[in-house]
Amino acid sequence: MNPDRPLLGILLMLAFCLLAPLGDALAKLLGSVVPLLQILVARFAMQALILYPLARRNGSPFALPARVLWLTALRTVLHVAGIAAVVIALRYLPLADAIAIAFVMPFLMLLLGWLVLGEQVGPRRLAACAVGFAGTMMVVQPSFAEVGAPALWPLAVAVIFALFMLVTRTIAKAADPVALQAVSGVMACVVLFPVIVAADAMGSQGVAPADLTWNQMWLLAAMGVVGTVAHLVMTWSLRFAPTSTLAPMQYLEIPFATLIGWIVFRDLPDGLAAAGILVTIAAGLYVIYREHRVSRPKVSGPPV
């Protein structure tokens with residue numbers, strides 16, 4: 001990390017906050033007309049095509065310990081499942097609402113770190129988790145009233161990606177981030193290509209690949225590129241600025257998603273959902289603030 005270049009880190013994180021909802025908007029555009037398997041194959045094929053050559057420059061990306069490879073395979077399954085849940089959620093919900101609900105993930109990460117990894121979490125941060133979850137429910141409620149059970153898909157996204165981040169945390173020190181993503185892209189393609197071939201052979205309606213227009217193929221390619229670049233710039237941002245500086249900025253993804261959702265789909269959160277988004281952001285920023293406080297050296301007493 002280069003701590004003397006925080007401005008570059010901030011700019012890269014801003015790029016992520018713009019690119020991530022842009023990729024989700026592309027997924028929403030495609031989700032209603034392109035079968036889910038085709039979207040997933042395109043997403044991970046572009047990831048492999050972009051990152052594998054970059055990872056090869058530093059040696060074989062697959063030159064990892066056996067345990068790390070197995071965990072990478074599990075991480076890949078979770079990644080595929082998470083993106084599938086994102087695409088399904090966006091079929092039913094406005095872009096900003098879906099992303100805001102999925103932002104319950106930081107609270108789930110805190111709880112999983114406490115329950116699974118034995119990390120210390122004080123009562124104030126647990127209270128902030130409860131408040132953040134309440135804010136998320138405020139966003140879910142109007143969506144649930146309108147579309148029913150599919151409004152819960154962003155919660156599935158949050159759970160899956162919380163587990164994804166938990167696995168990532170256990171192997172982060174044993175693998176280069178670019179190599180890890182390159183391997184994941186290749187693994188996902190190895191799994192998904194036979195599935196899509198089998199679905200095509202069986203002619204499964206809604207699953208088998210469909211004939212695409214040139215515009216749809218370009219949008220699929222753009223979605224894969226945007227998703228891959230978004231992850232890269234987020235990873236690179238952490239090389240130039242500390243996590244405590246960048247973590248609060250991730251909540252800028254919600255207003256960017258609101259703006260993109262309005263421009264592309266003319267969707268805006270209603271009053272209750274907007275209030276829930278503000279509550280979720282406030283609770284999330286408080287959790288980040290407490291994490292920063294307790295991580296300082298020479299802090300005495302129990303975590304709060």
Side-chain angles (χ1 to χ4, degrees), residues 19-55 72-95 97-99 102 147 149-161 163-164 180-232 257 260-261 264-265 267:
L19 289 172
L22 181 59
D24 290 337
L26 292 170
K28 184 174 177 64
L29 284 170
L30 291 163
S32 59
V33 292
V34 178
L36 177 60
L37 277 176
Q38 250 175 310
I39 293 175
L40 293 174
V41 168
R43 167 64 179 82
F44 286 98
M46 292 305 300
Q47 178 174 314
L49 287 172
I50 293 171
L51 297 183
Y52 193 79
L54 292 177
T72 302
L74 173 60
R75 180 182 181 274
T76 300
V77 170
L78 291 170
H79 200 180
V80 172
I83 291 181
V86 167
V87 174
I88 295 171
L90 291 172
R91 289 177 178 173
Y92 298 99
L93 298 178
L95 183 64
D97 288 12
I99 290 178
V147 303
L152 300 178
W153 272 107
L155 291 177
V157 172
V159 171
I160 293 168
F161 274 109
L163 293 171
F164 170 85
L180 187 60
Q181 285 298 100
V183 170
S184 290
V186 174
M187 284 182 170
C189 290
V190 169
V191 172
L192 289 170
F193 272 122
V195 175
I196 199 170
V197 169
D200 188 30
M202 293 185 296
S204 305
Q205 188 174 5
V207 179
D211 294 330
L212 303 178
T213 65
W214 279 106
N215 283 340
Q216 290 168 345
M217 286 189 283
W218 279 113
L219 285 175
L220 279 171
M223 182 195 68
V225 171
V226 169
T228 301
V229 173
H231 184 89
L232 276 180
I260 293 170
V264 179
F265 306 104
D267 288 332

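The model shown is predicted, which means the values in this text are computed figures rather than measured ones.
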Spacing of [X] atom [atom1] and [Y] atom [atom2] [to the nearest 0.5 Å]:
X	Y	atom1	atom2	answer
Ile50	Tyr52	CD1	OH	15.5 Å
Leu54	Thr228	CG	OG1	10.5 Å
Ile160	Trp153	CD1	CH2	7.0 Å

Show me the donor-acceptor pairs, under 3.5 Å and distance only, between side chains in residues 23-31 and residues at least two apart or in other chains.
residue, atom, partner, partner atom, Å
Lys28, NZ, Leu90, O, 2.6
Lys28, NZ, Leu93, O, 2.8

I need the minimum non-hydrogen distance between [X] and [Y], along with the two atoms involved.
X	Y	value
Ala230	Leu19	CB-CB, 3.8 Å
Gly185	Ala48	C-CB, 3.8 Å
Pro194	Cys189	CD-O, 4.1 Å

Enumerate donor-acceptor pairs with a distance under 3.5 Å from any side-chain N or O in residues 215-227 to protein atoms, sequence neighbours excluded.
residue, atom, partner, partner atom, Å
Gln216, OE1, Thr213, N, 3.1

Exercise. Yes or no on side chain to side chain contact (heavy atoms under 4.5 Å, CB included) for Arg91 and Leu36, after CA distance, side-chain angles and deciding distance?
Worked result: CA-CA 11 Å; Arg91 289 177 178 173; Leu36 177 60; 3.9 Å; yes
For this session: List in chain and number order the residues that pass side-chain contact (heavy atoms from CB on, under 4.5 Å) with Pro94, two or more places apart in sequence or in another chain; answer none if no residue qualifies.
Result: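 Counting only residues at least two positions away or on another chain, Pro94 forms a side-chain contact (heavy atoms from CB on, under 4.5 Å) with Asp97, Asp267.
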Report, one line per pair, each donor and acceptor closer than 3.5 Å where one atom sits in a side chain of residues 75-89; sequence neighbours left out.
residue, atom, partner, partner atom, Å
Arg75, NE, Thr168, OG1, 2.8
Arg75, NH1, Gln181, OE1, 2.9
Arg75, NH1, Ser184, OG, 3.0
Arg75, NH2, Gln181, OE1, 2.7
Thr76, OG1, Thr72, O, 2.8
Thr76, OG1, Ser184, OG, 3.3

Problem set entry | Within 6.0 Å of CZ in Phe161, more than 12 heavy atoms from elsewhere |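 Count over threshold, so yes.
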Exercise. Taking C-beta and beyond as the side chain, do Leu51 and Leu232 meet within less than 4.5 Å on heavy atoms?
Worked result: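 Heavy-atom side-chain distance check passes, below 4.5 Å.
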